[in-house]
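Heads up: the structure comes next, in structure tokens.
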Amino acid sequence: MPLLENRNALVMGIVNRWSLAHAIAAALAREGARLHLTYQGERQRETVEQIAAAFPQARAWACDVSNDEQIASLFARLQSEKVELDCLAHSIAFAQREDLDRAFELTSREGFRIALDVSAYSFVAVARAAAALMPRGGSMLTLTYLGAQRVIRNYNVMGVAKAALEASVRYLAADLGPRGIRVNALSAGPVKTASARGIRDFSSILDQVAQRAPLRRNTDPGEVGDAAVFLASDLSRGITGEVLYVDSGFHILGI
Ligand code: IMJ
């Protein structure tokens, strides 16, 4: 029996077919979930509409999570169509290019604000709105990275934003648990997605992980999708407020 039959999943953060959000959407759909996919702006509209067309019953919706009105209008439209959600997957982050390119100490007030707003606060705002559409309870998940816990070169203000995101997962889990809603994060190993484009030395980071991680390989997007199925499904019914690493075991290493 599929694990997510008759479940509705809202997946936010697909930019293209290589996005981790796309791997998550594909894995949820494989297990029978009905997909609602959001895209940020007109630039992503066609891509995400085409991706939605490849899944049975999937729909695409506009939502820029840095804009409260767009969040409100997305959830108002879902509600007016009587969509009850079972799963929310948030896979959205942004920092200004210059803040991923030089010393962290040079981060401006505005750069810090933008990174935390888009990458951490957006999950709080969307979780609150999604919870209102989860009368049966549900499962929320977001994507994080080891740079929240350790210093990883150039990750900089994104590491601070992911630390805030991971703490937000715990506070949301405490608030929403009594309503039967679980909140967790997946911490994926480095994957060459649009979010890695132009990051200095990214290929060498991938090589080092593949050489040193316990499983001696990089993370495959499908592994992140399958872990998302676990967190979205009743198999993980006793788990909330957790950060689950899907990184070939890299995070256990010391020097
Ligand atoms: C990003 C920057 C520096 C090092 C990095 C990354 N490593 C990894 C990433 C080692 C794995 C990718 N990652 C986990 C992210 O969260 C990326 C977030 C990101 C990427 C960009 C690139 C383009 C841009 N802004 C961005 N904001 C956030 O302009």
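For reference, positions follow the sequence shown, starting with 1. Computed over heavy atoms, backbone and side chain alike; hydrogens, waters and symmetry mates excluded. Whatever order the structure lists ligands and atoms in, that order sets their numbers, starting from 1.
- R102 CZ: more than 12 foreign heavy atoms inside a 6.0 Å radius.
- At a threshold of 4.5 Å between non-hydrogen side-chain atoms, the residues S233 and E31 do not count as touching.
- A donor-acceptor pair is defined here as one N or O able to donate and one able to accept, closer than 3.5 Å; no such pair exists between the side chain of S248 and the backbone of L215.
- Between C63 and M12, the closest side-chain pair of non-hydrogen atoms falls below 4.5 Å.
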Could you pull out every N or O of ligand 1 that sits under 3.5 Å from a protein N or O, with the distance for each pair?
from, atom 1, to, atom 2, distance (Å)
ligand 1, 16 (O), Y155, OH, 2.6
ligand 1, 25 (N), A95, O, 2.7
ligand 1, 27 (N), A95, N, 2.8
ligand 1, 27 (N), A95, O, 3.4

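- For the side-chain contact (heavy atoms from CB on, under 4.5 Å) with R200, the qualifying choice from I205, L100, N154 is N154, the only one to do so.
- Ring pair F55/H22 is tilted by interplanar angle, where 30° to 60° counts as tilted.
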